[in-house]
Amino acid sequence: MTFAQRASNNDNRHVRTTDVAVIGAGTSGLAAYRTARAAGKRALLIEQGAGGTTCAREGCMPSKLLIAAADTAHAARHSTPFGIHIDGKVEVDGQKVMQRVRQERDRFVERVLGRAATIPSEDRLNGHARFIDDTTLLVGDDITVHANSIVIATGSSPAVPTSFHTLGDRVVVNRDVFEWHDLPRSVAVFGAGIIGLELGQALSRLGTHVRVFGANGSIAALTDPIIKKAVTACFNEEYYVDPYANVTDMQRDGDHVVITFTDRQGNETTEHFDYVLAATGRKPNLDGLSLERTGLRLDEQGVPLFDPLTLQCGQTPIFIAGDANGRLQQLHEASFEGKVAGENAAAFPDVRPVQRNSPISIVFSDPQIAMVGQRYSDLTPGSFVIGSMDFEDQGRSRVMLKNRGMMHIYADKHSGRFLGAEWASPSAEHIAHLLAWCHQQSLTIRQMLDMPVYHPVVEEGLVSALQQAEAARASE
Ligand SMILES: Cc1cc2nc3c(=O)[nH]c(=O)nc-3n(C[C@H](O)[C@H](O)[C@H](O)COP(=O)(O)OP(=O)(O)OC[C@H]3O[C@@H](n4cnc5c(N)ncnc54)[C@H](O)[C@@H]3O)c2cc1C
Ligand SMILES: NC(=O)c1ccc[n+]([C@@H]2O[C@H](COP(=O)([O-])OP(=O)(O)OC[C@H]3O[C@@H](n4cnc5c(N)ncnc54)[C@H](O)[C@@H]3O)[C@@H](O)[C@H]2O)c1
């Protein structure tokens, strides 16, 4: 049952009064609603679509399903060095691949909707919400909601460059990919960011011809120039990724897009692609909220100014959480911020700051890419040392033939405190958690080295990087 089917719009109560109104029943909005209710307040959850969350419908989960199929094909094609010969050709059945992606995706969505179905129907409204003033919303055409406080949890949408609009239905975004019934022959991916690399590599491993065109040298949101270079080289051993792409022309030609670009070797090249995948960033869903009717102060992108420790927008009774505030577009942050916004909206005007968790970011490519704590670009030059590790010769990584990647660990030169890390390596999703937990505990490199590490594991590569950082500090 979708959100709309369980909503209470059919009542003839055209004016509703509540303590907390939450706009958006995604991860963040659901957390905000539940926290406000747990605080003993009345709450209304307003959703304009079918619900089910971006994560489950068109984000985290379907992308990981596609990647899982792609990695299976890749492993089957690369078994020979282990002495394992697959009798016959490895065939990718595109229809079956996409069928599983859609089926499992639908299962995840159903589970989310099932949990949301436990919310009483009188606490739900279906329709597009917009502000009348700081404490009043109009939902759809005729329902007015008066609330003591309001949480904006409206998520984000792909930011597709306007120049792509002339390409019509040949331009796709993440949600379109997960609706495909077969794999295309070729896709030009624009954006060497997180979505571009995850989906680009997955499609390439599934047999689609892929070129990734990035901009301004940006790759996977990394900021350390040495790690960026290593990652670019690593991906280009497998498929084409140009973080400095020079695309000179892009035209629609029947069911194709013809792209002219200067390739990484400097040759002018023209190629036909079935689709252009716009993976060029995401912007908060704030258009259509009539924010101009509120007392909110907006930044130059039109996003309300807010306090990341309370999620409150200025001194207003309005809070903004999850992708909608454009700060950290990650599931765990959306959930955490929803909870904080719900708590503070329920307690308004007694708003309290929280301690934020250490930053952590993981790209589910192969090798995986991760960032923890402070980024290289945030650090003051001369104030820190770097411990580095090349995974080429890392024992366990070689055993698995996954010995690709490079890590940089940053430590404060004077205190030895672990500041952050950027890297690509096997098992980065697990190492990232170890590092984020150490960062949150404000541990020093010495304290981290005093903890147990088993043998043989990829984490021994992390130990080498930590030892190097400690040696670099000693020699300063
Ligand atoms: C392809 C892809 C892969 C991703 N992979 C990962 C990953 O692996 N790990 C990770 O941590 N993050 C990942 N993310 C990011 C993650 O999905 C988001 O950060 C998270 O889902 C945001 O949750 P949210 O609650 O802020 O927004 P949403 O879940 O988008 O919820 C917003 C809701 O608000 C509703 N809404 C909007 N405007 C209105 C309005 N005016 N009135 C009523 N309702 C409205 C929308 O319909 C929607 O249901 C991925 C994202 C994408 C696109
Ligand atoms: N594993 C994960 O946690 C995960 C996975 C997918 C998405 N997400 C979230 O979704 C958000 C959006 O992902 P995304 O990859 O779209 O954004 P992103 O900001 O990571 O990358 C966008 C990239 O597009 C490039 N770009 C912009 N305009 C361009 C153009 N015209 N031509 C070529 N390149 C262009 C930018 O330089 C940037 O590198 C991310 O911020 C991330 O937090 C997370």
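Order of listing sets the numbers, starting from 1, for every ligand and every atom in it.
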Under a 4.0 Å N-O cut-off, is there an ion pair linking E104 with R107?
yes
Using a strict threshold of under 4.0 Å (side-chain N to carboxylate O), is an ion pair present between K228 and E422?
no
Around [X], counting heavy atoms of other residues, nucleotides and ligands shown, do more than 12 lie under 6.0 Å from its [atom1]?
X    : atom1 : answer
K283 : NZ    : yes
K229 : NZ    : no
R356 : CZ    : yes

List the steps, then state whether salt bridge (Lys or Arg N to Asp or Glu O under 4.0 Å) holds for D169 with R252.
CA-CA 10 Å; D169 65 3; R252 171 118 187 200; 2.9 Å; yes
Sub-3.5 Å pairs, protein N or O with ligand 1 N or O:
from     : atom 1 : to   : atom 2 : distance (Å)
ligand 1 : 5 (N)  : C60  : N      : 3.4
ligand 1 : 5 (N)  : K64  : NZ     : 3.3
ligand 1 : 8 (O)  : K64  : NZ     : 2.7
ligand 1 : 11 (O) : L331 : N      : 2.8
ligand 1 : 12 (N) : L331 : N      : 3.4
ligand 1 : 19 (O) : D323 : OD1    : 2.7
ligand 1 : 19 (O) : D323 : OD2    : 3.4
ligand 1 : 19 (O) : Q330 : N      : 3.2
ligand 1 : 25 (O) : T27  : N      : 3.1
ligand 1 : 25 (O) : S28  : N      : 2.8
ligand 1 : 26 (O) : D323 : N      : 2.9
ligand 1 : 29 (O) : T54  : N      : 3.1
ligand 1 : 30 (O) : T54  : OG1    : 2.4
ligand 1 : 41 (N) : H128 : ND1    : 3.3
ligand 1 : 41 (N) : A129 : O      : 3.1
ligand 1 : 42 (N) : A129 : N      : 3.0
ligand 1 : 44 (N) : Q48  : N      : 3.2
ligand 1 : 47 (O) : E47  : OE2    : 2.6
ligand 1 : 49 (O) : E47  : OE1    : 2.6
ligand 1 : 49 (O) : E47  : OE2    : 3.1

Below 30° counts as parallel, above 60° as perpendicular, anything between as tilted: where do the rings of Y240 and F213 land?
perpendicular
What residues sit with at least one heavy atom under 4.0 Å from ligand 2?
P161, F190, G191, G193, I194, I195, E198, F213, G214, A215, S218, A279, T280, G281, R282, Q329, I362, F364
Given N148, which of T17, T18, T135, D19 fulfils the side chain to side chain donor-acceptor pair (under 3.5 Å) condition?
D19
Between the main-chain N or O of I143 and the side-chain N or O of R16, is there a donor-acceptor pair closer than 3.5 Å?
no
